[in-house]
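Chain identifiers are assigned alphabetically (A, B, ...) following the order of the sequence lines, protein sequences preceding nucleic acid strands; residue numbering begins at 1 within each chain. Being a predicted model, the structure only gives us computed values, none of them experimental.
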Number of protein chains: 4
Amino acid sequence: MAKTSSTPAPRKRRSDAEQNRLQILKAAKATFTRDGAAASLDAIARRAGVGPGTLYRHFPTRDALIEAVYRREVEALGSAAQEFSEAMEPVDALRVWMLLFLDYLGAKHLIVPALNSISGGPKRLYEGSRSVVQQAMRRLVLRAIDAGQIRSDVDADVLLRALLGFPYVPFGGEWRDGARQLVDILIAGSLR
Amino acid sequence: MAKTSSTPAPRKRRSDAEQNRLQILKAAKATFTRDGAAASLDAIARRAGVGPGTLYRHFPTRDALIEAVYRREVEALGSAAQEFSEAMEPVDALRVWMLLFLDYLGAKHLIVPALNSISGGPKRLYEGSRSVVQQAMRRLVLRAIDAGQIRSDVDADVLLRALLGFPYVPFGGEWRDGARQLVDILIAGSLR
Amino acid sequence: MAKTSSTPAPRKRRSDAEQNRLQILKAAKATFTRDGAAASLDAIARRAGVGPGTLYRHFPTRDALIEAVYRREVEALGSAAQEFSEAMEPVDALRVWMLLFLDYLGAKHLIVPALNSISGGPKRLYEGSRSVVQQAMRRLVLRAIDAGQIRSDVDADVLLRALLGFPYVPFGGEWRDGARQLVDILIAGSLR
Amino acid sequence: MAKTSSTPAPRKRRSDAEQNRLQILKAAKATFTRDGAAASLDAIARRAGVGPGTLYRHFPTRDALIEAVYRREVEALGSAAQEFSEAMEPVDALRVWMLLFLDYLGAKHLIVPALNSISGGPKRLYEGSRSVVQQAMRRLVLRAIDAGQIRSDVDADVLLRALLGFPYVPFGGEWRDGARQLVDILIAGSLR
DNA sequence: CATGAATGAGCCTTCATTCAT
DNA sequence: GATGAATGAAGGCTCATTCAT
């Protein structure tokens, strides 16, 4: 019963904390995507191959975990917006980024449902940290306005919202077509 | 095995079953709206002033309850679409109905999150019964197309999706303004 | 969704898992004996001094618990049969073991009712693993047959069944007398 | 509201109370047989085609219902014992009745499990009313003793118990063979 | 740091039981 | 007498959370 130093015991390597954190985030994304934002944290820990206690050390609350997952997803979108802006015409950058965003939403990257169950609504995330996504959208819109390509009263948040609901109505297979048409309509409706 | 109630409990007079059903639906709407579709059924029963067993008699599963709440909401939207169609120009009817729909979504009439947790996704409701909302939207769009007011390739479902996400991004107080702008953009982008 | 415990609750020091398992088994035996195989698992957990969750960790289903209780009881009977066989004349071993078995059944070691509510009847236990009890009985009978002491057509299962019903008819205080007579009759009726 | 003699109204025949009682008993037997003595009373009422309240009027407690079912079964066994006694040699009557009893137990007529969940064990039924079955067995045994066919110390209750356990160990198809052998052994073991 | 056993709150669900109709 | 809606007390079970190891 008492540990004897004679036999070192098949103890797992002091696994890197960062390594674990990453595993948890991956597991969380997959699980949240499948089961929704109310998924069992124990299940996530299990899938990540760590004990529930470890999950807790890294993310003391469910919201903290959701938020972390969210940020990771969103960071990528932010960088993309930056790149597009540097490489394309304003309206094109906007159009392409919107499509990319819909891809993120639809493909398998939840975001929305997760966002929604953060305590007190997603407000905290958006208001508090000025979400990267919102920022990205705002910059893209502003640039298009400055370039005189779209009306100056177009509200970036309005466009964002229009996109966010997209995954909520099921389509058949022509998902991409629907996405493209939505973006087309939004752009067309925003032109000056 | 034989249960013994310590205190016989003050029994409420037999209330009309239909009355109870309504109370439950109201309570469910309010609770789902606040807590999401995973809200406690016990809590709903409590708020409705009935025992949990009564809730179960009326709605044997969570989905049955969500669906019933949903249908009630949606029926009203359906009638509205009809009325607008009979009283206004096609595009105006479309515009006004979209605003009304956003009102429903935003004010406090959830629908969306609830829909989403119906078993097997919301597909069943939509595909099975050709949801009233979807029908309404389709008729309004079709009428506007027939009148030559919007492009003939505009997809009603695409517009619907654009609306559905609206409540997901928090605004400050200018909610109505955002709604109006979104509808404006969508209409503008759909004109022929 | 996030649970908030009003009072953090006094946490017991980490007891050995094996220790708990044993407590649960004991509590289960006692409770099943008194209340039948449909006894409340919560009650068993309570009596064992563990939370309901702990019971579930060890025995995920009611059947798993019943089975575990059963096996524990039965193992002892198996060993006894072995010992008796090595130490006595065949018929005597049979007689003594039958009495021991009745003791187990009657004293307070249920077995029978429990067996009966295992899903799909007790068949699984008996057929699947060739129950220890049945094995014991069969070996004892076989040995007596081989020694030419009882008729060769005596069916061990028939004797077993005769014993199993014993606890079902209430006696006064002369329980042991009844048991002895039953065994005597069975042996007498089996002699060649 | 007021009854008019002009139209007899499609009123269900003032269903005879006795009729209902019988339906309930039948339903109870079938249900107890399938689900055990803890079966849902509501389910029994449903199967009997009456409301739960009606079941309650007839049998105010679960035990009352079990007892009634039991008595009905047992009455038949009692008459049979009488008939056999009048028509056969004592030992033969005993043998045949025991076989009949096993048939009752095994075929589908529960009795035993039901007996067992009566509050305070089956004692009440047996002790209180001197169960018909016990009486029958006692008379048959006594008669065989008086005729000098079996030993005078044979205890009817002991034989009864031996029979009662029979349905508890599953056989293959040779159920009747096992029954016959058991009875043979018991008789053989009881002969003087 | 990590682990996973333990805990208990609270959910869903079933049912015995009552009682207005 | 019969009915079945309503009730509410458990019970089974899940999980977030803690903490000894």
Side-chain angles (χ1 to χ4, degrees), chain A residues 1-3 11-17 20 38-43 45-46 49-58 60-62, chain B residues 1-21 38-43 45 49-58 60-62, chain C residues 1-21 38-43 45 49-58 60-62, chain D residues 12 14-17 20 38-43 45-46 50-58 60-62:
Chain A
M1 230 130 255
K3 294 278 177 54
R11 170 176 292 270
K12 218 172 63 185
R13 288 188 90 342
R14 182 183 179 309
S15 50
D16 196 11
N20 270 343
S40 157
L41 298 189
D42 276 32
R46 229 174 296 129
V50 305
T54 303
L55 188 154
Y56 263 77
R57 165 175 300 271
H58 288 286
T61 67
R62 172 185 294 273
Chain B
M1 216 123 270
K3 308 295 163 44
T4 48
S5 321
S6 45
T7 324
R11 178 165 288 271
K12 218 171 60 184
R13 59 163 24 292
R14 177 169 193 162
S15 47
D16 196 20
E18 213 45 48
Q19 175 66 20
N20 269 344
R21 201 190 130 88
S40 158
L41 297 189
D42 275 31
V50 304
T54 302
L55 188 154
Y56 266 79
R57 165 180 292 270
H58 287 288
T61 67
R62 172 183 294 273
Chain C
M1 213 121 277
K3 307 292 163 46
T4 47
S5 320
S6 44
T7 323
R11 179 165 289 269
K12 217 171 62 185
R13 59 167 17 294
R14 176 172 193 158
S15 46
D16 196 19
E18 213 45 48
Q19 174 66 20
N20 270 342
R21 202 191 130 88
S40 158
L41 299 188
D42 276 30
V50 305
T54 302
L55 188 154
Y56 267 81
R57 166 180 291 268
H58 287 287
T61 66
R62 171 184 296 274
Chain D
K12 214 173 65 184
R14 181 183 179 308
S15 50
D16 199 9
N20 271 343
S40 157
L41 297 188
D42 276 31
R46 229 174 294 128
V50 305
T54 302
L55 188 155
Y56 262 77
R57 166 175 298 270
H58 288 287
T61 69
R62 172 185 294 273

Enter the distance from Tyr56(B):OH to Arg62(B):CZ here, rounded to the nearest 0.5 Å. 7.5 Å
For Ala45(A), answer base if it contacts any base atom (sugar-phosphate contacts may also be present), sugar-phosphate if it contacts only those atoms, and nothing otherwise; contact means non-hydrogen atoms under 4.0 Å. nothing
Closest to the Thr54(B) side chain, choosing from dA16(E), dA16(F), dT7(F): dT7(F)
To the nearest angstrom, how far is Glu18(B) atom CD from dG4(F) atom C1'? 15 Å
Measure OH/Tyr56(B) against C1'/dT14(E) and give the value in whole Å, please. 9 Å
Just compare dA2(F), dA2(E), dT18(E) and give me whichever is closest to any side-chain atom of Ala17(D). dA2(F)
Residues in side-chain contact (heavy atoms from CB on, under 4.5 Å) contact with Arg46(D), at least two apart in sequence or another chain: Asp42(D), Ala43(D)
Presence of Ser40(B) side-chain N/O under 4.0 Å of dC12(E) phosphate oxygens OP1/OP2: yes
Minimum heavy-atom distance Leu55(B)-Val50(B), with the two atoms named: N-CG2, 4.3 Å
Most 5' of Thr61(C) and Pro52(B) on DNA chain F, judged by nearest nucleotide: Pro52(B)
Please state how far atom CZ in Arg21(C) lies from atom P in dA6(E), giving the value in whole angstrom units. 12 Å
Starting at the 5' end of DNA chain F and moving along, which residue's nearest nucleotide shows up first, Gly53(C) or Gly53(B)? Gly53(B)
Nearest-nucleotide 5' precedence on DNA chain E, Leu41(B) against Leu55(C): Leu55(C)
Take the protein atom CZ of Arg62(B) and the nucleotide atom C1' of dT14(E), then report the distance between them rounded to whole Å. 17 Å
How many whole angstroms separate atom CG of Asp42(B) from atom P of dA9(E)? 16 Å
Please confirm whether the shortest side-chain N or O distance from His58(D) to OP1 or OP2 of dG1(F) is below 4.0 Å. no
Rounded off to whole Å, could you give me the CD-to-C1' distance for the Gln19(C) and dA20(F) pair? 16 Å
Between Pro60(B) and Arg57(A), which residue's closest nucleotide on DNA chain E lies nearer the 5′ terminus? Arg57(A)
Once pairs are restricted to Watson-Crick or G-U wobble with both distances under 3.5 Å, how does DNA chain E read as a dot-bracket string, [ ] for crossings and | for other-strand pairs? .||||||||||||||||||||
Does Asn20(D) have a side-chain nitrogen or oxygen under 4.0 Å from the phosphate oxygens OP1 or OP2 of dA2(F)? yes
In whole angstrom, what separates Arg46(A)'s CZ from dT14(F)'s C1'? 11 Å
